[in-house]
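Report on the structure given below.
Quick note: numbers below take in every heavy atom, side chains included, and nothing from hydrogens, waters or symmetry partners. Naming convention: chains lettered A, B, ... in sequence-line order (proteins, then strands); numbering from 1 in each chain. Quantities reported herein were computed from a predicted structural model and do not represent experimental measurements.
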2 protein chains.
Amino acid sequence: MDTKQKILDAAERLIATQGFAGTSLRQIISEAGVNLAAVHYHFGSKQDLLDHVILRKAAAVNEERRRLIEQFEAEAGPGPVSVERVLTAFFEPMIEAGARNPQFVKLMGRMYGEGLLPALIEKHFQPTLTRFAQALQRARPELSQGELRWRMQFMFGAMSQAVCGQDMFPQMSVQADDSAFALVMRRLMVFLCAGFQAAITPEAETDEGNRYSVGHSPVPAGDSPKSC
Amino acid sequence: MDTKQKILDAAERLIATQGFAGTSLRQIISEAGVNLAAVHYHFGSKQDLLDHVILRKAAAVNEERRRLIEQFEAEAGPGPVSVERVLTAFFEPMIEAGARNPQFVKLMGRMYGEGLLPALIEKHFQPTLTRFAQALQRARPELSQGELRWRMQFMFGAMSQAVCGQDMFPQMSVQADDSAFALVMRRLMVFLCAGFQAAITPEAETDEGNRYSVGHSPVPAGDSPKSC
DNA sequence: GTCTATACTGAGATAGAC
DNA sequence: GTCTATCTCAGTATAGAC
């Protein structure tokens, strides 16, 4: 009866540590102690198994996100919800989930990195995502829709690395213990908050000459096109 | 004689569009018109083939990055190079590479997402990476080494999504044409620049009670721990 | 409905003939 | 250097026991 659960648990554990492509069904069934065909009976395919692994927990996180953003919007009345609070509504449920189950959050990050999440999000969480996009748009009305969505794209990438990124600096393993997770997420929020608050990107200077003239003549220090 | 080149070219093209895991050696050899065993003869394994695909072009980008940061440091004299200029030294060579060969840059982003790049970077580009970390540290001396490296981690994640991310919003495909690539990268730089410039993350408030009290009582609006 | 046994196709890798 | 044959292991499909 709990064959399904055993498969889901084993899959979550293994995929979180080894990635989706790096985990074979035979590993999963061996750890779960079930038969290979049971996976396809219950889930259809490896990809569908992944969907179920993610959905059974992501749904709650998503629900909580929706609840928080609604609460903040109600509190804000007619005015916009601040960028900081929108990000809080987005990340706080994730931090909570990570405190309860670090594995799952790591798995989500990995799946995002492997490019497997967007399809799922589009299938199941599009409304929530749109809701956050609109909230951010109200908080930063100067930003074009294009720029805002790119910044959200950047946000997802940064989040993915925050959650499951491997260290680039071997001499020091930053993510020592799980208790540091909440701190990392707060660092992420600070970083992203500033990013969203940045002035709009000037769209001018479309390849006049070759911008790579930077190369061998000194770069003018003062009048950069970037508002930094 | 050009068997090696044919394999490298086909691999770059296919992996850039389908990812590493999603591309089989048999696809590659079919497109290159060579024998399967030739791959293992010339490169040893699929993973090693990927290393060669990346290294043959990434080395130049990396060299250019090193050259630029050195130039900026020379111009700055004893003072620090600004965050903006450090990021320029980092991204400008990549923008150039993308203008010449969009495929390659996309491939790099994909590999980063799949978690295959950090090992390579550590093996071959550690000195350059350390150099940029030091430059950023001088530009933002208030940041602890840990926080700075996390922000770099966020940067890599955002970059990865900027370069190869799939759209989350189906109704509108943002990355319409390749000419938009430079604009996206400038948007990324503006975003990241603000992120690095953000005030340090307060490390206090370590789980006193349960921070999720946010839940059912209204969240205090004013006195947030995040400096946003 | 639930699970087992087994076979099928395609993957990466390797040994050895030429 | 190159190619054939073959090995192991992956995901998948199905027939049939209970």
Indicate, yes or no, whether a donor-acceptor pair under 3.5 Å links the base of C/dG10 to the side chain of B/Arg26. no
Donor-acceptor contact below 3.5 Å, side chain B/Thr23 vs main chain B/Phe20: no
Can you give me the dot-bracket string for DNA chain C, 5' to 3', counting Watson-Crick and G-U wobble pairs with both distances under 3.5 Å, using [ ] for crossing pairs and | for partners on another strand? ||||||||||||||||||
Round to a whole Å and report the spacing from CG of B/Leu14 to P of C/dA11. 12 Å
Rounded to whole angstroms, how far apart are CD on A/Gln27 and P on D/dG11? 9 Å
How long is the line joining NZ of B/Lys4 and P of D/dG1, in whole Å? 9 Å
Taking C-beta and beyond as the side chain, do B/Val81 and B/Arg138 meet within less than 4.5 Å on heavy atoms? no
Rounded to the nearest 0.5 Å, what's the gap from CZ on A/Phe104 to CZ on A/Arg56? Could you check? 8.5 Å
Distance in angstrom units between A/Ile29 CD1 and D/dA10 C1', rounded: 12 Å
Looking at B/Glu147 and B/Arg140, is there a salt bridge between them, counting it only when a charged N and a carboxylate O are closer than 4.0 Å? no
Between protein and nucleotides 4-6 of chain C, what N or O pairs are separated by less than 3.5 Å?
| residue | atom | partner | partner atom | Å |
| --- | --- | --- | --- | --- |
| C/dT4 | OP2 | A/Asn35 | N | 3.3 |

Is A/Thr3 near enough to C/dT2 that one of its side-chain N or O atoms lies under 4.0 angstrom from OP1 or OP2? no
Rounded to whole Å, CG of B/Leu50 lies from P of C/dA13 at a distance of 12 Å
For A/Asp48 and D/dA13, what is the distance between atoms CG and P respectively, to the nearest whole Å? 10 Å
Distance col, row A/Leu25:CG vs A/Ile29:CD1, nearest 0.5 angstrom, shows 8.0 Å
Going by an N to O cut-off under 4.0 Å, is there a salt bridge joining A/Glu64 and A/Arg67? yes
Do B/Gln103 and B/Lys57 come close enough that some side-chain heavy atom pair is under 4.5 Å? no
Do B/Arg66 and B/Glu63 sit within salt-bridge range, that is, some charged N less than 4.0 Å from a carboxylate O? yes
Could you state the NZ-C1' distance from B/Lys46 to C/dT14, rounded to the nearest angstrom? 17 Å
If you compare every side-chain N and O of A/Ser24 against the phosphate oxygens of D/dC9 (OP1, OP2), does one of them come in below 4.0 Å? no
Within this structure, what is the CG-to-C1' distance between B/Leu49 and C/dA13, rounded to whole angstrom? 14 Å
Would you say C/dT14 has OP1 or OP2 under 4.0 Å from some side-chain N or O of B/His40? no
Do any N or O atoms from the side chain of B/Arg65 and from the backbone of B/Ala89 form a donor-acceptor pair under 3.5 angstrom? no
